[in-house]
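In what follows, residues are counted from 1 in the order of the sequence shown. One-based numbering, in listed order, for ligands and for the atoms of each. For the numbers below, each heavy atom of this structure counts, side chains included, while hydrogens, waters and symmetry mates do not.
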Amino acid sequence: MSRVAVVGAGTMGNGIAHVFAQHGWDTALIDVAPGLLERVLAIIRANFERQVKKGTVTGQQRDAALARIRTSPSLDAVSDAELVVEAATEHADTKSKIFRELDRLAPPAALLASNTSSISITTLAAQTRRPGQVIGMHFMNPVPVMQLVEVVRGMETADETVAKVVEVVKALGKTPVVVNDAPGFVSNRVLMPMINEAVFCVMEGVATPEAVDGVMKLGMNHPLGPLALADLIGLDVCLAILEVLQRDLGDDKYRPAPLLRRMVAAGRLGRKSGRGFYVYRD
Ligand code: NAD
C-alpha cells in the first residue's frame, strides 16, 4: 500500500499526515473547516523544519514529504486511497456519518481506520458494507514523536485487516499493540482512572498538584505527572472519556471527580486555554 487519505486535519490529523508522507505515502489530507488546510500545511512544514534542525530528516526528505501531501475540503479525495485514517472530531454521529460516506466513496478494497479515543470501532464498522475492513488505529499525541499505535480489532474486523495494519504501523517506524474493541481500549481505560484519582487527591486536600505529580514522576518514573498530562490532553477531553467509560462499562468506579467537572465548566481546560492544574504563559 502507498496511498492514504487522512480525514480531519486537527491536532492528530496533521501529525498522522506528516508521518505517512515522511514514510513515502501519497497523502490526501481532508478537512471541512474553511481556511484550516493552509494553516495546517504551514504547521506540518514547521514540524518538519524542527526535524531537519535535529538532524532526523534531511532537507531533501522534507521537501519530498511535503510534495506528497495534497489537501482537499471534500471526502471525494478518498477515491484512490488504499487506506483511510479518520481523525475527525470525537463525536459519535459525526464519525458514523463519515464512515457511511467513506464506504460509498473509497475503493471497495480500501481499509477504513479510525483514530477515535473512545468511540466503538464495532459501531463504526456497522455503518459500512465492509465491517471486516474497518479497524482502529489509535495514534498518540504528538504523532511524529510517540512510539505506540494501539491497533483496535472490532468484533467483525478480519484477521487479514489486522495483519495489514500491523505491517503499516511498523513501516511508519512505530510499534503496534493489538487490543480488542472495548470502551477506552487499553490506553484510556488504564490512564483515565489514574488521572481521575489524581484529581480526587487534589480535591480532597490530600496533596497539591505539584506534590501529586512529584510522587508519580520521582516514585513511579513517569516522565510527566498525571495532572500535567491531563493539562496536555485537555481536561474537557479527559472528562468526556471518563463519561464514556462510566456509561458504557456501567460502572461508577469511573465517575469523574467533581473538581474535574468544575474546572471544565470554568473553562480551565489545560494548556489549550492557558490554565488547568498549572498556568501556561505561551
Ligand atoms: P481536532 O478537533 O483538533 O480536529 C478534528 C478536525 O476534524 C477538525 O479540524 C474538524 O474541522 C475536522 N472535521 C470535523 N468533521 C469533519 C468531516 N465531516 N470531514 C472532515 N473533517 C472534519 O481533534 P483531534 O484532537 O485532532 O482529535 C481527532 C481524533 O483523534 C478524535 O477522534 C480524538 O478522539 C482522537 N485522538 C486525539 C488525541 C489527542 O491527544 N488530541 C489522541 C489520540 C486520539
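Residue I233 places no heavy atom under 4.0 Å from ligand 1. Ligand 1 does not have K97 within reach: every non-hydrogen atom of the residue lies 4.0 Å or more from it.
Put simply, the side chain of V57 reaches to within 4.5 Å of the side chain of Q22, judged on heavy atoms.
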(request) Give the intermediate values and the outcome of salt bridge (Lys or Arg N to Asp or Glu O under 4.0 Å) for residues K164 and E167. (result) CA-CA 5 Å; K164 281 185 184 165; E167 285 315 308; over 6 Å; no

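In L75, neither the side chain nor the backbone holds a heavy atom less than 4.0 Å from any atom of ligand 1. Counting heavy atoms under 4.0 Å from ligand 1, residue H138 touches it through the side chain alone. Contact annotation: for T89 versus ligand 1, heavy atoms closer than 4.0 Å belong to both the backbone and the side chain.
For ligand 1, the atoms lying closer than 4.0 Å to a non-hydrogen atom of V7 are 19 (N), 20 (C). Per-residue contacts place K95 under 4.0 angstrom from the following atoms of ligand 1 (heavy atoms of the residue considered): 31 (C), 32 (O). Numbered from 1 in the order shown, with element, the atoms of ligand 1 that lie under 4.0 Å from a heavy atom of G8 read 7 (O), 21 (N). When each atom of ligand 1 is checked for a heavy atom of L36 under 4.0 Å away, the hits are 9 (O). Atoms of ligand 1 found under 4.0 Å from any heavy atom of T11, numbered from 1 in the order shown, are 3 (O), 25 (O), 26 (O).
In terms of protein heavy-atom proximity, atom 29 (C) of ligand 1 is nearest to A88 O, 3.4 Å.
At a 3.5 angstrom cut-off on N or O pairs, E90 counts as close to ligand 1.
Few gaps surround CE on M194; more than 12 heavy atoms of other groups in view lie less than 6.0 Å from it.
By the 30° and 60° cut-offs, the orientation of the rings of F48 relative to H18 is parallel.
Considering A240, S117, G234 only, the shortest heavy-atom separation from atom 33 (C) of ligand 1 involves S117. For atom 16 (C) of ligand 1, the nearest non-hydrogen atom from the set V40, V32, I30, V237 comes from V32. Residue I98 holds the heavy atom nearest to atom 18 (N) of ligand 1 of all those in L29, V6, I98.
Protein non-hydrogen atoms do not reach within 4.0 Å of atom 2 (O) of ligand 1. Distances from atom 23 (O) of ligand 1 to the protein include no heavy-atom value under 4.0 Å.
Of the listed residues (V6, L37, L36), just one forms a side-chain contact (heavy atoms from CB on, under 4.5 Å) with T71, and that residue is L37.
V32 is not connected to L29 by any chain of hydrophobic side-chain contacts under 4.5 Å among Ile, Leu, Val, Met, Phe, Trp and Tyr, and they are in different clusters.
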